[in-house]
Amino acid sequence: MSAAPLYITTPIYYVNDRPHIGHCYTTLVGDVAARMARLIGRDTFFLTGTDEHAEKVVASATQRGLTPIQWADRNADEFRAAFKAMNFSNDDFVRTTEQRHITRASAYIEKLVKSGDIALGDYEGWWDASQEEYLTETVAKDNDFKSPVTKKPLERRTEKNYFFNLPKYEERLRRAIESGEIQILPEQRKNEVLGRIRTGLQRVPVSRAIKPGDADWGIKMPGDPNHRVYVWIEALCNYLTVVDTPERRKYWPKGDGKPNTGEPLVTAPIVHFMAKDILWFHAVIWPAMLMALGEPVPKTVYAHAYFVSEGVKMSKSLGNFIEIDQLKAYAQRYSLDAVRWYLATQGPLGATDADFAYGRFVEVYNADLANGIGNCASRVANMVEKYFEGKVPDPKGVFTFKESSPEHPNATFDWKELPTTLASGYANRLDHAELGEAMKTATRLVSDIDMFIGVTRPFTIAKNLDGENGAANRDRLAAILYCCAEALRIASLMLYPAMPEKMAALWKLWNCSPLTNPDDCNSAFKAPLSELAQWAHPTHGLKPGQKIAKGDALFMRADPKEPMPTKA
Ligand code: MSP
């Protein structure tokens, strides 16, 4: 794991929509990755925001008797509030109507016009007005000349446009993706992108002519007041505009500024997350624009699949989008971190779609949280309270156990060795954005603790603390409970990125907060994971004599017979 600063982005969402599970999912993925990176000790910048210059914003605003910016303000606030409610730790929230974005995006386009990478030409094509994009002849034909997304008829449009010379970068880009210099994940998506590149790239229209009566909405083409920059091209620039300042350039190191079609291709530790619908823009058009600008290209472009709702694809016509209010209703009943947990571990991070279904939610909640980490934490704290007056017992250096029970005749528990392996595996998972897997590492550790308790039966040992073997039994009980508690502390560190509030609450109860402010689950870590997760670390580990309180259950068991939570 390199120590270079890391930059994580989500798409910027259309400001016309209401925040729903799809927006929340990708942003949660970004948030978990950012929190994992910060936990590992990397200087991390996490960005999300809204994409506001689409033509349909003007139409929607007009319908409501508002100006476009009034409508955009209102909805951008909804996204901000939704992301706050989800406890996302984004370092900034960009709106493409902000001057910082407009000024810098215009400067990038102007530079590409000067270098000849963007030039005026004729264009005739199939325009999908609902998605604000031109479709290729093949895609238009395959979809019966209807929008593949909204099924509305496509328009045949002919215009004088500015074009970006994408073919110039085709060869270098193809090699970069094939060789993994630009890592497109998951693998299946990489193959799709390569397949499409091999059919040949065409110039990309980057502007549209301003028609009389058009609202003044969007960025004007630098040097040509008759054209406006096509919203997608401008939107992609957000990733760079936000960090193109002296303080933030460390997250996107400055390139030499010369168009790059040869060797070496400079990449930077940047991860763009999105769903598969918009991979092409991020994997092909944007990196090519960066090559033309002479800037480093992102190392990782990750396109996940979709969340469906109760087994059904979500669509406007069905009106079955799981909106933020629905997620809030779940959070109110099961806690926000339970919702985050479901999204993080059951979401469509790979190539296949995933289901947000109430029945499954309760199942996962009970298995992983109420009966998993929650129950394990109360069990351990209960025993520490009952047998050692709520104080962490002294293990006297005993951290290895060779046990035998009818179910596990040869079980070895080498607790001291465990954390280092886990922590390094965890960093590796982040490099490949295997976030669900990283969380599973932690739940497996919790299961190991439960198994250890099952095999060593501390509650039985506790019945024999007097008499001949009393002292030896007490030592064994102390060692067992210390190991359970210390292992649980380490598991909780790894669970934090998905469940920051609950883990911070546990650390407070156990007097072992790794956070600079134990009352603020979003405050910085005192040390990197490699140090925090060291077994019995003198500062961060559990210390004999330290008080740990039982507190309320972290997660109450859920009754599957209760009706589904609904919006208030
Ligand atoms: N504004 C463009 C993106 C510009 S980025 C420079 C856009 N916006 S969007 O509001 O339509 O958001 C699309 C993204 O929302 C998807 O790529 C994905 O990240 C997220 N999702 C929308 N629906 C989704 C699901 N059903 N499931 C998972 N994520 C989904 O495209």
Side-chain angles (χ1 to χ4, degrees), residues 8-31 33 47-57 60 72 75-76 78-79 82-83 86 88 93-97 101 105 108 128 130-133 147-150 189 218-219 229-242 270-287 289-290 298 301-316 318 320-324 326-327 342-344 346-356 433:
I8 296 174
T9 72
T10 75
I12 47 172
Y13 304 106
Y14 285 130
V15 79
N16 238 16
D17 290 337
R18 283 183 53 72
H20 60 62
I21 188 172
H23 311 127
C24 290
Y25 175 65
T26 313
T27 317
L28 176 88
V29 166
D31 186 60
L47 179 70
T48 188
T50 41
D51 183 357
E52 309 195 354
H53 283 140
E55 284 177 32
K56 53 192 170 193
V57 171
S60 303
N75 287 0
E78 298 256 349
F79 273 94
F83 291 173
M86 295 294 297
F88 293 150
F93 184 101
V94 64
R95 297 183 54 188
T96 52
T97 46
H101 170 77
Y108 306 153
D128 180 349
S130 53
Q131 296 306 99
E132 310 236 354
E133 63 174 320
S147 162
V149 183
T150 59
R189 300 277 101 87
I219 299 184
V229 178
Y230 171 37
V231 66
W232 253 107
I233 296 301
E234 169 228 316
L236 287 165
C237 293
N238 90 86
Y239 301 127
L240 186 55
T241 60
V242 171
I270 298 160
V271 187
H272 292 316
F273 283 113
M274 77 228 57
K276 55 191 176 184
D277 53 340
I278 55 176
L279 175 59
W280 186 252
F281 288 100
H282 288 82
V284 174
I285 298 175
W286 176 230
M289 283 171 69
L290 288 163
V301 178
Y302 196 114
H304 59 72
Y306 295 124
F307 248 123
V308 302
S309 163
E310 302 289 339
V312 182
K313 188 174 187 270
M314 293 183 287
S315 71
K316 288 212 171 101
L318 287 176
N320 63 340
F321 272 101
I322 299 180
E323 294 196 351
I324 181 67
Q326 180 69 34
L327 292 178
Y342 187 86
L343 298 185
Q346 306 297 311
L349 195 55
T352 30
D353 291 351
D355 197 8
F356 190 94

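Ligands are counted one by one from 1 in listed order, and the atoms in each one are counted from 1 as well.
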N/O of [X] under 3.5 Å from N/O of ligand 1, yes or no?
X: M274; result: no
X: F307; result: yes
X: Y14; result: yes
X: H282; result: no

Inset, instruction - Could you check E234, H53, R95 and say which one makes a side chain to side chain donor-acceptor pair (under 3.5 Å) with H101? - result: E234

Inset, instruction - Identify which of I21, I278, I12 has a heavy atom lying nearest to atom 2 (C) of ligand 1. - result: I12

Inset, instruction - Return the option from D277, T10, V15 holding the heavy atom at the smallest distance from atom 13 (C) of ligand 1. - result: D277

Closest approach of [X] and [Y], non-hydrogen atoms and distance?
X: L279; Y: A303; answer: CD1-CB, 3.8 Å
X: Y306; Y: K276; answer: CE1-CE, 3.4 Å
X: T241; Y: A105; answer: CG2-N, 3.6 Å

Legend entry - Shortest protein heavy-atom distance from atom 19 (O) of ligand 1, along with the residue and atom involved: T26 OG1, 2.6 Å

Inset, instruction - Run the numbers for me: atoms of ligand 1, each under 4.0 Å from some heavy atom of H23, listed by number. - result: 10 (O), 15 (O)

Inset, instruction - Go through the structure and list residues passing ring-ring contact (aromatic ring centres under 6.0 Å, His included) with Y108, not counting sequence neighbours. - result: none

Legend entry - Qualifying residues under side chain to side chain donor-acceptor pair (under 3.5 Å), relative to T150, sequence neighbours excluded: S130, S147

